[in-house]
Structure formats: structure tokens, C-alpha cells
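All remarks here apply to the structure that follows.
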Amino acid sequence: QVQLVESGGGSVQAGGSLRLSCASSRYISNRYCMGWFRQAPGKEREGVAFINTGDGGTDYADSVKGRFTISQDNAKNTHYLQMNGLKPEDTGMYYCAVDARRTYGLCLWSQSRYNYWGQGTQVTVSS
């Protein structure tokens, strides 16, 4: 079983930055998809950023392109989401998740594919 633990959330003003971390309890494999999702109050959870750990391929929601960067540190079994230029609409609970079956190609965005989830970290951006 894999446990994911997010950290790094907090409250910032618009234009500020945060770096979220997602630490895995153990090595998963050398190829899998890892995604960051978020859920704003009263809204459905949505995909934000994805990375295929095998080839480093990334994918982003249009709303965060150019502001957010997903990355990995394989030695630490940890992934990151660097968030710059934060906006009030970025407010929400952020979750990391792993699709261990997706070993090649761009990550898929369907949440049902992600079999391991963290408990989330809150991000609040004030105007």
C-alpha cells in the first residue's frame, strides 16, 4: 500500500507563491503518473497538473499554464507543485494522487484511474 502525504499549503495574497509537496511512503515504480487535483468550495474536484515519472512528460490545466510547475525528486519519492502568480480562484484543497498503471504516454485526467490519494492540503489566496 502506498500512502501519500501533502504539505506546503497555506494562506497567501494574490500574486504570491507556494510550493506543495507530495511524499510517498515508499518507492512506487520507475514509471507511473502522478497528478495534482484541487477542489474549490462548492465545486467539483478538477485536475491541475500531471507528470509521467518515466519520461518526465507534463500536462497542465489551461488555468494554471505558465504559473504552476510540477516536478519530481525520485531520490526522495516526492513530487512538487510550484505555484507562482497565485490568484483567488486558485483557492481550494489540493490533492496529489498516483495512477500506477499509466506507465507510458501522457497522463490521463480521469480521477477514477488514480488509485492512491493523499488527504489534501489547503491553499487560500486572498485578493
Closest contact, heavy atoms only, Cys33 versus Asn52:
SG-ND2, 4.0 Å

Show the atom names and distances, to 0.1 Å, of all donor-acceptor pairs under 3.5 Å that link a side chain in residues 5-18 to residues at least two apart or in another chain.
unit_1 : atom_1 : unit_2 : atom_2 : d
Glu6   : OE1    : Gln119 : N      : 3.0
Glu6   : OE1    : Gly120 : N      : 2.8
Glu6   : OE2    : Cys96  : N      : 2.9
Glu6   : OE2    : Gly120 : N      : 3.2
Ser17  : OG     : Asn84  : OD1    : 2.9

Over all heavy atoms of both residues, which pair between Thr78 and Ser21 is shortest? Give the atoms and the distance, please.
CG2-CB, 4.3 Å

Identify the heavy atoms of Leu81 and Ala49 that sit nearest to each other, and give their distance.
CD1-CB, 3.9 Å

Which pairs pass ring pair (Phe, Tyr, Trp, His ring centres under 6.0 Å) with one or both residues in residues 76-95, sequence neighbours excluded?
Tyr32-His79

Do you know which two heavy atoms are closest between Ile51 and Thr58, and how far apart they sit?
CG1-CG2, 3.9 Å

Rounded to the nearest 0.5 Å, what's the gap from OG1 on Thr124 to CE on Met93? Could you check?
8.5 Å

Any side-chain heavy-atom pair of Val64 and Met83 under 4.5 Å:
no

Between atom CG of Asp55 and atom CG of Leu106, what is the distance when rounded to the nearest 0.5 Å?
8.0 Å

Quick check: are there more than 12 heavy atoms from other residues, nucleotides or ligands sitting under 6.0 Å from CD of Gln122?
yes

What are the two closest heavy atoms between Arg38 and Ser63, and how far apart are they?
NH2-OG, 3.5 Å

If I compare all heavy atoms of Tyr116 with all of Ala100, which pair ends up nearest, and what's the gap?
CE1-CB, 4.5 Å

Residues Met34, Gln72; criterion side-chain contact (heavy atoms from CB on, under 4.5 Å); working and verdict:
CA-CA 9 Å; Met34 188 272 170; Gln72 60 189 45; over 6 Å; no

Excluding sequence neighbours, so at least two apart, what forms salt bridge (charged side-chain N to carboxylate O under 4.0 Å, His left out) with Arg19?
none

Between the main-chain N or O of Cys107 and the side-chain N or O of Arg102, is there a donor-acceptor pair closer than 3.5 Å?
no

Is any side-chain heavy atom of Leu20 closer than 4.5 Å to one of Thr121?
yes

When Tyr114, Phe50, Tyr60 are each screened for ring pair (Phe, Tyr, Trp, His ring centres under 6.0 Å) with Trp109, the one that passes is Phe50

Whether Asp62 and Lys65 form a salt bridge (side-chain N of Lys/Arg under 4.0 Å from carboxylate O of Asp/Glu) is what I want to check.
yes

